[in-house]
Amino acid sequence: KRLELGKMKVLILYFLLFVGVRAEAENEKNSTFAIGTQSMDIFQKLFKIYKMEEKRFDMPLNHFDLFDNTTWKMRYFVTEKHYKPGGPIVIEVGGEWKIDGMSLIMGPLAELGRDLNAVMIETEHRYYGDSLPFGTDFSTENLRYLQIEQALEDIAYFIEHFKLHNPKFKDSKVIVHGCSYPGMLVTWMRLRFPHIVDISYASSAPLGVGLDYPEFYEVVNDVYANISSECSGTIKIGVNQTLELFKTDEGRTRVRNAFRKWDCGDVDEMNSMEIFGKIVGVLNVMHDPSQYEEVACLAMSMDTDELEEFERLANFVILKSKHIASCKSDPNAEPDLNSIAWAYQTCTEMGTFQTLNRKNAHHPFEMDMSVQESVEECVKDFGGIVTEDVLNTGIERVTRRYGGKKPKVTKVISIQGTHDPWKHLAHLEDYGPEAPVWVIDGSHCADFSVRSDDSKEVVEVREKVKKLITKWFKEISA
């Protein structure tokens with residue numbers, strides 16, 4: 001019997017590796033990892049076939065000061081491979097990562113662009129990737145132009161001037177898409193600039209910013225608990241045992257030995273909290289492929305009965321770490337400017353700090369992590385200029401300007417996932433008659449991240465999105 005269980009576990013591990021490779025590919029894009037250098041020749045050929053051009057655009061630094069003429073170079077990709085007169089401008093709005101143009105070549109947006117004979121564009125967000133107004137000087141003073149309102153103005157200004165410099169697109173309708181934070185931006189473009197953007201498609205947009213967000217880990221816990229109480233219980237007990245082991249030198253040595261084979265960096269170069277942070281990151285379910293947790297929990301349950309929960313957890317984390325791109329770390333890497341920029345946005349306008357409370361039965365870890373700790377990190381990171389009052393004012397301003405979870409918009413399609421830890425920052429019912437919200441059985445941006453094991457529901461929602469956008473486009477073009 002034990003031999004047969006061993007064979008079954010080997011099959012499960014092969015399955016995890018199979019789906020994990022695809023998950024890693026998607027995570028690398030979602031987490032702003034660059035395309036592997038061994039594949040660059042292939043992508044260069046694709047760029048040539050699709051007539052893809054990488055360009056720069058002079059963008060005002062401050063859209064709200066008439067007397068400031070300072071500009072910076074915004075990077076974008078564009079292809080007219082499938083364009084025909086009468087076709088729309090379809091834009092993939094970039095977020096907290098370096099854009100690569102691939103969404104214009106493959107995936108749901110590329111397919112939509114082909115069907116509608118569109119010119120396809122991907123824009124890079126200010127302060128991310130290579131679109132750096134002050135180069136690598138990320139002083140707090142220079143970061144003050146990193147605001148949501150400036151980013152929305154960037155998109156509107158770009159569309160207007162792209163049409164101005166390319167008269168054949170003067171009357172083209174504009175369709176925009178964004179995943180996660182860019183999903184927020186494209187939703188708000190229809191609110192702020194309905195005369196510039198005609199249709200928006202938002203994947204997993206967490207519109208409801210706020211200071212505290214305990215629901216993030218509640219969703220993580222529920223995903224595992226819905227598989228089995230044994231799985232969620234093993235994780236909870238294993239995490240608690242890990243925290244106890246951190247309290248002694250002998251225990252810390254045991255933890256390092258247990259996690260030594262993971263792909264999250266050298267445990268000997270990490271302190272206890274860095275190790276724990278990686279464990280928590282691996283247990284996150286945000287970008288996991290369909291049915292990943294079910295199979296992973298089954299594999300963990302097949303560990304021998306003699307193993308305590310800590311050891312089962314370590315085996316689980318080691319296995320999953322090999323499939324999670326964001327877990328990998330390069331000790332020689334240069335400072336991650338994207339992370340600095342995103343931290344600034346979080347500390348000034350977003351909030352939504354992922355807090356933990358040991359008394360919350362829906363949290364997978366029996367520990368406390370308060371809002372105040374996160375605010376103190378913001379103050380430390382940004383020279384004391386950022387305070388809790390500044391953050392609260394920023395959050396209030398974003399909510400006042402854009403309407404919170406349920407904005408009054410039309411011709412906006414929103415997709416949310418049942419397994420998405422950010423889903424509680426979204427309204428999970430229609431905004432209105434022409435603003436449907438479709439909730440699918442999937443994780444963060446599951447509708448936009450194509451995988452070979454996508455569920456029938458995910459495949460069907462992509463078709464629904466395409467049909468409705470096509471319908472709206474025909475109506476407004478008539």
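The first residue of the sequence shown is numbered 1, and numbering continues consecutively from there.
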Between D441 and T418, does a side-chain hydrogen bond (donor to acceptor under 3.5 Å, both in side chains) hold up when you go through it step by step?
CA-CA 5 Å; D441 182 14; T418 55; 3.3 Å; yes
Is V93 close to H177 at the side-chain level, that is, under 4.5 Å between some pair of heavy atoms?
no
Can you find a pair of side-chain heavy atoms, one from Y76 and one from E122, that are under 4.5 Å apart?
no
Euclidean distance, D454 CG relative to R462 CZ, rounded to 0.5 Å
4.0 Å
For residues 409-417, tabulate all N or O donor-acceptor pairs below 3.5 Å that involve a side-chain atom, not counting sequence neighbours.
from : atom 1 : to   : atom 2 : distance (Å)
T410 : OG1    : R190 : NH2    : 2.9
K411 : NZ     : E434 : OE1    : 3.3
K411 : NZ     : E434 : OE2    : 3.0
Q416 : NE2    : A205 : O      : 3.2

Partner set under side-chain contact (heavy atoms from CB on, under 4.5 Å) for I275, not counting sequence neighbours:
F246, V255, R256, W262, V267, M270, I279
Treating S449 as the side-chain partner and A446 as the backbone partner, does any N or O pair qualify as donor plus acceptor under 3.5 Å?
no
To the nearest 0.5 Å, how far apart are SG in C445 and CG in D420?
7.0 Å
Check whether N338 reaches the backbone of G129 with its side chain - one donor and one acceptor, N or O, closer than 3.5 Å.
yes
Considering only heavy atoms from C-beta outward, does the side chain of C231 approach that of Y224 to under 4.5 Å?
yes
I need the M52 CE to E80 CD distance, nearest 0.5 Å.
12.0 Å
Between K163 and V174, is the side chain to side chain contact (heavy atoms under 4.5 Å, CB included) condition met? List the steps.
CA-CA 10 Å; K163 288 185 172 185; V174 178; 3.9 Å; yes
Would you please name every residue forming a side chain to side chain donor-acceptor pair (under 3.5 Å) with D430, sequence neighbours left out?
none
So, K173 side chain and S477 main chain: donor-acceptor pair closer than 3.5 Å or not?
no
Identified ring-ring contact (aromatic ring centres under 6.0 Å, His included) counterpart of H125 within the set Y181, W342, W97:
Y181
If I compare all heavy atoms of V186 with all of S200, which pair ends up nearest, and what's the gap?
O-OG, 2.7 Å
Y50 side chain near L104 side chain, heavy-atom distance below 4.5 Å
no
Sidechain N-carboxylate O distance under 4.0 Å for E54, R75:
yes
Would the distance check show the side chain of K320 and the main-chain N or O of V282 forming a donor-acceptor pair, the cut-off being under 3.5 Å?
yes
Minimal heavy-atom distance between A258 and I318, with the atoms involved, is O-CD1, 3.2 Å
Sub-3.5 Å donor-acceptor pair from the side chain of T242 to the main-chain atoms of G238, do we have one?
yes
For N221, all residues meeting side chain to side chain donor-acceptor pair (under 3.5 Å), sequence neighbours excluded:
none
Report yes if some heavy atom in the side chain of L185 is under 4.5 Å from a heavy atom in the side chain of L152; otherwise report no.
yes
Between I121 and I159, does the side chain to side chain contact (heavy atoms under 4.5 Å, CB included) criterion hold? Intermediate values first, please.
CA-CA 10 Å; I121 298 171; I159 293 169; over 6 Å; no
Kindly indicate, with the supporting measurements, whether the criterion side chain to side chain contact (heavy atoms under 4.5 Å, CB included) is fulfilled by M74 and K55.
CA-CA 8 Å; M74 189 195 84; K55 294 189 174 184; over 6 Å; no
I would like to know whether V375 and F353 meet side chain to side chain contact (heavy atoms under 4.5 Å, CB included); could you show each step before the answer?
CA-CA 9 Å; V375 172; F353 296 115; 4.3 Å; yes
Side chains of I175 and I91 in contact at under 4.5 Å (non-hydrogen atoms):
no
Residues which pass salt bridge (Lys or Arg N to Asp or Glu O under 4.0 Å) with E149, listed by chain and number, not counting sequence neighbours:
R192, R401
With heavy-atom distances below 4.5 Å as the criterion, would you say the side chains of L313 and L283 are in contact?
yes
Whether E309 side chain and I237 backbone form a donor-acceptor pair below 3.5 Å
no
Distance, nearest 0.5 Å, that separates OG of S204 from CG of D447:
6.0 Å
Quick check for you: to the nearest 0.5 Å, what is the distance between E53 atom CD and F47 atom CZ?
11.5 Å
Centre-to-centre under 6.0 Å for F169 and Y83, is that the case here?
yes
Sequence neighbours left out, what passes side chain to side chain donor-acceptor pair (under 3.5 Å) with T346? Give chain and number order.
none
F77 versus D100, closest heavy-atom pair with distance:
CE1-C, 3.6 Å
Minimum heavy-atom separation for A156 to M189, with atom names?
N-CE, 3.8 Å
A202 and G183: which non-hydrogen atoms are nearest, and at how many Å?
CB-O, 3.5 Å
For E349, enumerate each residue passing the salt bridge (Lys or Arg N to Asp or Glu O under 4.0 Å) test, keeping only those at least two apart in sequence or located in another chain.
R397
Test item: V450 and V458 side chains (from C-beta on) under 4.5 Å apart, heavy atoms
no
Hey, what's the ring geometry for F448 with Y201, parallel, tilted or perpendicular (30° and 60° as the breaks)?
perpendicular
Table please: side-chain donor-acceptor pairs of residues 111-120 below 3.5 Å, with sequence neighbours left out.
from : atom 1 : to   : atom 2 : distance (Å)
E111 : OE2    : K466 : NZ     : 2.5
D115 : OD2    : K466 : NZ     : 3.2

On a heavy-atom basis, the closest approach of P407 and G404 is CD-O, 3.8 Å
Tell me, please, which residues at least two apart from K464 pass side-chain contact (heavy atoms from CB on, under 4.5 Å).
W438
Please round to the nearest 0.5 Å and tell me the distance separating atom CG of L143 and atom CZ of R126.
11.5 Å
Not counting sequence neighbours, which residues clear side-chain contact (heavy atoms from CB on, under 4.5 Å) with H424? List them please.
Y213, E215, V219
Going by the rule side-chain contact (heavy atoms from CB on, under 4.5 Å), which residues pair with K471 if we only count those two or more places apart in sequence or in a different chain?
L468, E475
State whether the side chain of E463 and the backbone N or O of E460 hold a donor-acceptor pair below 3.5 Å, judged by distance alone.
no
Taking side chain to side chain donor-acceptor pair (under 3.5 Å) as the definition, give me every residue that meets it alongside T352, ordered by chain and number, with sequence neighbours left out.
none
